[in-house]
Amino acid sequence: MDRRNLLKGIAGVAAASAAPAFAQPVTRQRNVLLLISDDQGLDLGCYGVAVKTPRLDQLARQGTLFRHGYAAVSSCSPSRAVINTGLYTHQNGMYGLQHDVHHQSLLPGIETLPAMLRRAGYATALVGKKHVGPDSAFPYETELVPERGGIRDVRELAIAASSFIRSTNNRPFFVTVAYSDPHRAAVDYGNDRAWPGVKPQSYDPRRVQIPAHLPDLPAVRQDLAEYYESLSRLDAGVGMILDDLAATGRAEDTLVIFLSDNGRPFPGAKTNFYDAGIHLPLIVHAPGSAPAVSDAMVSWTDIAPTVLDWAGVAPPAAYKLSGTTLLPILGEADDPARNAIVASHDFHEINQYYPMRCIRTRTHNYILNLAYQLPYPIAGDVAGSPSWKAISADPAIRLGKREQAAYLQRPAEELYDLTRDPGELTNVAADPAYAAVKAELAERLRATRAATKDPWLAGQTDPYAHVGEH
């Protein structure tokens, strides 16, 4: 793709899509670059995983690396909706996947980052994957390099993002770059060809690092090797954007956020509330903040408030956001007050109804399975993966140390003592010794659900009730 021609195209689209409703100027330059990877677990070199990601590791050294960042749901469209709204999925209405027959969308009246920032005078662009709706709720000035079933050409994404940023001149920008890596592809995570500007980084299946939730099988090792190669390509693409941002001088006033939408696309991770499903990478670099490694527990509900705080844009007046800004704790080693997160899941694919809620603290994980009578559904891409096919071929094979039967049929409540059982293998929900802990966490979760008007909570029947209320 030619940068000059692309820039002309961007300028034309931006001019054509500009509307009087979005004409209010911003008086200070506070840019935002939001980088979202697709189906990435806690897998970066800076997190101690043997995968080569030098550019993201460098960003982590320059910014704040959160060691305890958690998605509020482990499913693509719902998680992206949380990131853009600061509301749990049961609040914003994106209960499951948005595309194709799944057709989930935000509730009317829900505000998003691109809408709020564009009204404030920001130049707004989405580069890559969208996977949220309706379109009216995400009024980017332009959408570049649409996913087309998976974008693996990270240089094309970088050229589009950088060209848009250069075209904004003195306007502040909000650019979301949403990668398809390291989501599964039809063939080997898109590793079946050479990609422009990227030196392929291959991994020896015999030497890959196997996460604790997976068994040591040849098919799993090969699957992980391909996944790690996709991650290294993602890293190269991020580096291209950051290099150009620095070359333009805009890095000096740009908030950069890197995170993943949900856990790695393997059984035991994606769509789960176990650690591998929601414990994900988060790097935030704000100019002027000291570098740090933070042990604060933070949620993807905190992303929208952070962006709004940085931009000086007021949050919605009609309702209260569920997250809080991270700016005050950037450069800090911890925030003891941030000691718990809540997660909420309803669907993945439309035929995979399995509502769950959880509250996770530094010491325990309490999961409430609202439809526990149903078998646990396996996401389509995971079900078709070499890993799951090899595991499910023999019911005696465990997911790490977890029995398949226990994974597929779950109880109403799960409680794990993370200090003694970090692998979340022994459910102590029925253990009298944990009765007080369970009661406390169950009540904290119930209170959060009530405060956020969870439609799945008994007595809360109107999912629109939060709009217009504080």
Side-chain angles (χ1 to χ4, degrees), residues 26 28-38 40 44-47 53-67 69 80 83-84 86 113-114 117 122-129 140 144 154 157-166 168 171-179 181 231 234-261 280-294 296 298 300 302-313 323 325-332:
V26 170
R28 61 176 182 165
Q29 187 76 294
R30 302 276 277 185
N31 310 310
V32 181
L33 177 61
L34 176 60
L35 307 169
I36 305 177
S37 63
D38 196 355
Q40 178 188 352
L44 291 174
C46 54
Y47 285 104
T53 52
R55 299 310 306 270
L56 284 164
D57 296 347
Q58 180 184 30
L59 182 65
R61 290 192 299 270
Q62 296 169 340
T64 299
L65 173 71
F66 288 94
R67 296 201 296 188
R80 291 164 195 264
I83 291 167
N84 276 284
L113 287 176
L117 292 176
Y122 271 69
T124 60
L126 172 67
V127 184
K129 185 168 186 173
Y140 294 98
L144 305 169
V154 295
L157 293 170
I159 290 174
S162 297
S163 297
F164 180 81
I165 289 171
R166 287 174 178 269
T168 60
R171 296 176 66 200
F173 63 79
F174 170 64
V175 174
T176 298
V177 183
Y179 294 90
D181 289 317
L231 273 175
L234 163 72
D235 181 77
V238 170
M240 295 174 193
I241 296 176
L242 295 181
D243 284 346
D244 199 71
L245 188 68
T248 64
R250 309 294 288 275
E252 298 174 1
D253 48 25
T254 298
L255 177 73
V256 179
I257 300 175
F258 174 85
L259 76 170
S260 170
D261 58 351
L280 305 177
L282 174 62
I283 302 169
V284 182
H285 178 264
S289 292
V293 176
S294 175
V298 300
W300 282 196
D302 299 326
I303 302 302
T306 301
V307 171
L308 294 173
D309 188 14
W310 171 262
V313 174
T325 176
L326 299 176
L327 292 189
I329 66 170
L330 295 183
E332 302 293 330

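From a predicted model like this one, the values you see are computed outputs, not experimental measurements. Below, all heavy atoms of this structure are taken into account, side chains as well, without hydrogens, waters or symmetry copies.
A pairwise comparison of heavy atoms in A125 and Y140 identifies C-CD2, 3.5 Å as the closest pair. Smallest separation of non-hydrogen atoms from D57 and C46: OD1-N, 2.9 Å. Of all the heavy atoms in V177 and A161, the pair that sits closest is CG2-CB, 3.9 Å. The shortest heavy-atom contact between P114 and N84 is CD-OD1, 3.5 Å.
Taking 4.5 Å as the limit, every side-chain heavy atom of K129 sits out of range of all side-chain heavy atoms of I36. Two residues are said to be in side-chain contact when any heavy atoms from C-beta on lie closer than 4.5 Å; W300 and D261 fail this criterion. Counting only heavy atoms from C-beta outward, the side chains of P291 and Q62 never approach each other to under 4.5 Å. Contact annotation: the side chain of T176 never approaches that of V32 to less than 4.5 Å [non-hydrogen atoms, C-beta and beyond]. With a 4.5 Å cut-off on side-chain heavy atoms, L34 and I83 count as touching. For the pair D235/P54, a side-chain contact is recorded, criterion being any heavy-atom separation below 4.5 Å from C-beta on. Counting heavy atoms from C-beta on, the side chains of L117 and V307 come closer than 4.5 Å. By the 4.5 Å heavy-atom criterion applied to side chains, L113 and L308 are counted as neighbours.
For the side chain to side chain contact (heavy atoms under 4.5 Å, CB included) criterion with D181, the lone passing option out of L234, L157, L231 is L234. Of the candidates L259, L255, L327, I303, L255 is the only one forming a side chain to side chain contact (heavy atoms under 4.5 Å, CB included) with V284. Test L330, D309, D302 against T325 for side chain to side chain contact (heavy atoms under 4.5 Å, CB included) and you get one pass: D309.
A donor-acceptor pair shorter than 3.5 Å cannot be found between the side chains of R61 and Q58.
Taking CD1 of I329 as the start and OG1 of T64 as the end, the distance is 8.0 Å to the nearest 0.5 Å. Considering CD1 of I257 and CG of L33, their distance stands at 9.0 Å, rounded to 0.5 Å. To the nearest 0.5 Å, atom CZ of residue F66 and atom CZ of residue F258 are 14.5 Å apart.
At distances below 3.5 Å, at least one donor-acceptor pair connects side-chain atoms of T248 with backbone N or O atoms of L245. Under a 3.5 Å cut-off, the side chain of T53 and the backbone N or O of G45 do form a donor-acceptor pair.
Contacts of A123 classified as side-chain contact (heavy atoms from CB on, under 4.5 Å), with partners at least two apart in sequence or in another chain: E141, F164, T168, R171, F173.
A salt bridge links R80 with D38; the closest basic N to acidic carboxylate O contact falls under 4.0 Å.
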